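Take a look at the structure set out below.
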Amino acid sequence: MFLSESVYSLYPYCKNSNFSRWLSDYSLQKSLQLQKPWVLKSRQSLKKHYFCSMEWFESWFDTPYYHVLYSNRDYTEAENFITKLTAELQLPPNSKIIDLACGKGRHSVFLNKLGYDVLGLDLSRQSIEFDKQFENQTLLFDVHDMRNPIDADPMDAVFNLFTSFGYFDNENDDKKVFQSVYNVLKPGGYFVLDYLNEEYVRKSIVRESTIIRGDIEFKIKKKIEGRHIVKDIQFEADGKPYHFFEKVKLHTLDAINSYATECGFERVKIWGDYQLNDFNKDTSPRCINLFKKK
């Protein structure tokens, strides 16, 4: 009863590879059966235990509901953006590109169709397992935490697209991302960081909304807490309630540039939207940074 009520009922909250490994660990299972003192007996305390203390993105991104919520994404716009971007960078065919935080791999696949040698990396093991079906000699996928060094041949470019940065509370983790990207690039290589525009987000935030995807009604609440924008997500699916959140840091232009220059990058361009128009801090919805390794 303890397992079913206090552990599996938390599966939507705690679902990740560490949690799965914990469930399969014999010694801990025995401890659960014996109800030893260290065993946590309440839902609240279990959430605080070490095997459930993963970052919010580790649990949310690895659920099918994340992809359901964002299933309306305009991939035509994304492909047009990537086509313009690669043309702007004048990347020749067979250039080596990393799609960092590649998710379900759609952009990696498109880059590969454009003639590039692509490595898609993502923290979500389920996403990478899905992506493996698209692999070929010039398109590979692997599970990777962007804070860690990247084990790959020197790259011509690294793309981090569609706000796949700013998830970490610790500033040193942000710096680790820049350092890992810098280290894997060839001299003169490009790092494209497609990020939200802090000023625009503060002015245009929609605090409450309801999004319907099929039979699921997602209730969304947004708020700004300090230097973060927090999105609270609640819904019911298959007769069960779910509650997740997203938390993205509102990095300023100066902060992003300081991380880059500290590693040795030079910022050579900022675009304000997916049509690659010039950036305006008051009106641009995006802040697409182009960095070059010196």
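Scope of the values below: all heavy atoms of this structure, side chains included, with no hydrogens, waters or symmetry mates. Predicted, not measured: the structure shown is a model, and the values here were computed from it.
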(request) Could you tell me if the ring centre of Phe162 sits under 6.0 Å from that of Tyr274? (result) yes
(message) Side chains of Tyr259 and Glu171 only: does a donor on one sit below 3.5 Å from an acceptor on the other?
(response) yes
(message) Any salt bridge linking Lys132 with Glu135? Criterion: basic side-chain nitrogen under 4.0 Å from a carboxylate oxygen.
(response) yes
(message) So that I can tick it off, tell me whether Asp131 and Arg106 are bridged by a salt bridge, with the cut-off set at under 4.0 angstrom between side-chain N and carboxylate O.
(response) no
(request) Go through Arg202 and Glu198 one step at a time and tell me if the salt bridge (charged side-chain N to carboxylate O under 4.0 Å, His left out) criterion holds. (result) CA-CA 6 Å; Arg202 290 184 181 277; Glu198 179 222 8; 3.2 Å; yes
(message) Just by distance, no angles: are the side chains of Asp232 and Gln234 close enough, under 3.5 Å, to form a donor-acceptor pair?
(response) yes
(request) Under 4.5 Å between side-chain heavy atoms, chaining through other members, with only Ile, Leu, Val, Met, Phe, Trp and Tyr counted: pull out the rest of the cluster around Phe279, sorted by chain and number. (result) Leu253, Ile270
(message) Check this for me: does any side-chain nitrogen of one of Lys203 and Asp282 sit under 4.0 Å from a carboxylate oxygen of the other?
(response) yes
(message) Looking at Lys249 and Asp174, is any side-chain nitrogen of the basic one under 4.0 Å from a carboxylate oxygen of the acidic one?
(response) yes
(request) I would like to know whether Asn112 and Thr138 meet side-chain hydrogen bond (donor to acceptor under 3.5 Å, both in side chains); could you show each step before the answer? (result) CA-CA 7 Å; Asn112 187 240; Thr138 57; 2.9 Å; yes
(message) Can a side-chain donor-acceptor contact be found between His144 and Asp151 if the only test is distance below 3.5 angstrom?
(response) no
(message) Counting neighbours of NZ on Lys186 that are heavy atoms of other residues, nucleotides or ligands and sit closer than 6.0 Å, is the number greater than 12?
(response) yes
(message) For Tyr66 and Phe244, I'd like to know if the aromatic rings sit close, meaning centre-to-centre distance below 6.0 Å.
(response) no
(message) Under a 4.0 Å threshold between the charged nitrogen and the carboxylate oxygen, would Asp273 count as salt-bridged to Arg286?
(response) no
(message) Does this structure show an ion pair linking Glu236 with Lys240, if we count only N-O contacts that are shorter than 4.0 Å?
(response) no
(request) State whether Phe130 and Lys104 meet the cation-pi test: NZ (Lys) or CZ (Arg) under 6.0 Å from the six-membered ring centroid, and within 45° of the perpendicular axis. (result) yes
(request) Measure from NZ or CZ of Lys96 to the centre of the six-membered ring of Tyr116 and say whether it is under 6.0 Å with the direction within 45° of the ring axis. (result) no
(request) Taking the side chain as every heavy atom from C-beta outward, state whether Lys221 and Val230 have any atom pair closer than 4.5 Å. (result) no
(request) Answer yes if the ring centres of Phe159 and His107 are under 6.0 angstrom apart, and no otherwise. (result) no
(request) Could you tell me how the ring of Phe165 sits relative to the ring of His251: parallel (under 30°), tilted (30 to 60°) or perpendicular (over 60°)? (result) parallel
(request) Ignoring hydrogens and angles, state whether a donor on the side chain of Asp194 or Asn160 is under 3.5 Å from an acceptor on the partner side chain. (result) no
